[in-house]
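Right, one structure below, let's go through it.
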Amino acid sequence: MADAERREPDMVSFRELARRLVADRVVESMTHQRISQLARTDPDFPPVVPVGRSKAVDYELARRYVRERKSRQGQRTDLRRKAADE
């Protein structure tokens, strides 16, 4: 890999990640709780590094993940399960 392509990871906490995603207008709103939930439940979420009692993630990888992620905002999963059972 060429030197120009290498970069140091910009590791940020979940709280800082949420703040920067909104400040950079990647998303309209985001909370650190939602970031934590995505990190726990989505296998495509970028690698998380424990830092003391906090967790950190590379900002550029997380930004790309959030930008490319398909949002299912407002989808009623409880109704979908009932319909599948019938």
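Note: hydrogens, waters and symmetry copies are ignored here, and every other heavy atom, side chains too, is used. Fair warning: this is a prediction, and the values are worked out from it, not measured in the lab. In this chain, numbering begins with 1 at the start of the sequence shown.
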Would you list the atom pairs, donor with acceptor, under 3.5 Å between side chains in residues 51-58 and any protein atom, with sequence neighbours excluded?
from: D58; atom 1: OD1; to: R7; atom 2: NH1; distance (Å): 3.4
from: D58; atom 1: OD1; to: R7; atom 2: NH2; distance (Å): 3.4
from: D58; atom 1: OD1; to: E60; atom 2: N; distance (Å): 3.1
from: D58; atom 1: OD2; to: R7; atom 2: NH1; distance (Å): 3.3
from: D58; atom 1: OD2; to: R7; atom 2: NH2; distance (Å): 2.9

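- Among residues at least two apart or in separate chains, ring pair (Phe, Tyr, Trp, His ring centres under 6.0 Å) pairs with a member in residues 35-70 are F45-Y65.
- Partners of V22 according to the side-chain contact (heavy atoms from CB on, under 4.5 Å) rule, which considers only residues two or more places apart in sequence or in another chain, are V27, M30.
- Atom CZ of R63 and atom CG of L17 lie 11.0 Å apart (nearest 0.5 Å).
- Judged as a side chain to side chain donor-acceptor pair (under 3.5 Å), and not counting sequence neighbours, R64 has no contacts.
- Every pair tested for ring pair (Phe, Tyr, Trp, His ring centres under 6.0 Å) that includes a residue from residues 22-43 fails, sequence neighbours excluded, so the list is empty.
- When the side chains of ILVMFWY residues are joined at heavy-atom separations under 4.5 Å, either directly or via intervening members, V26 and I35 end up in a single hydrophobic cluster.
- Other members of a hydrophobic cluster containing L61 are absent, since no ILVMFWY side chain comes under 4.5 Å of it, directly or through relayed contacts.
- Residue pairs satisfying the salt bridge (charged side-chain N to carboxylate O under 4.0 Å, His left out) criterion with at least one member in residues 14-24, sequence neighbours excluded, are listed as follows: D10-R20, E16-R19.
- Listed by first and then second residue, the salt bridge (charged side-chain N to carboxylate O under 4.0 Å, His left out) pairs involving residues 26-41 amount to none (not counting sequence neighbours).
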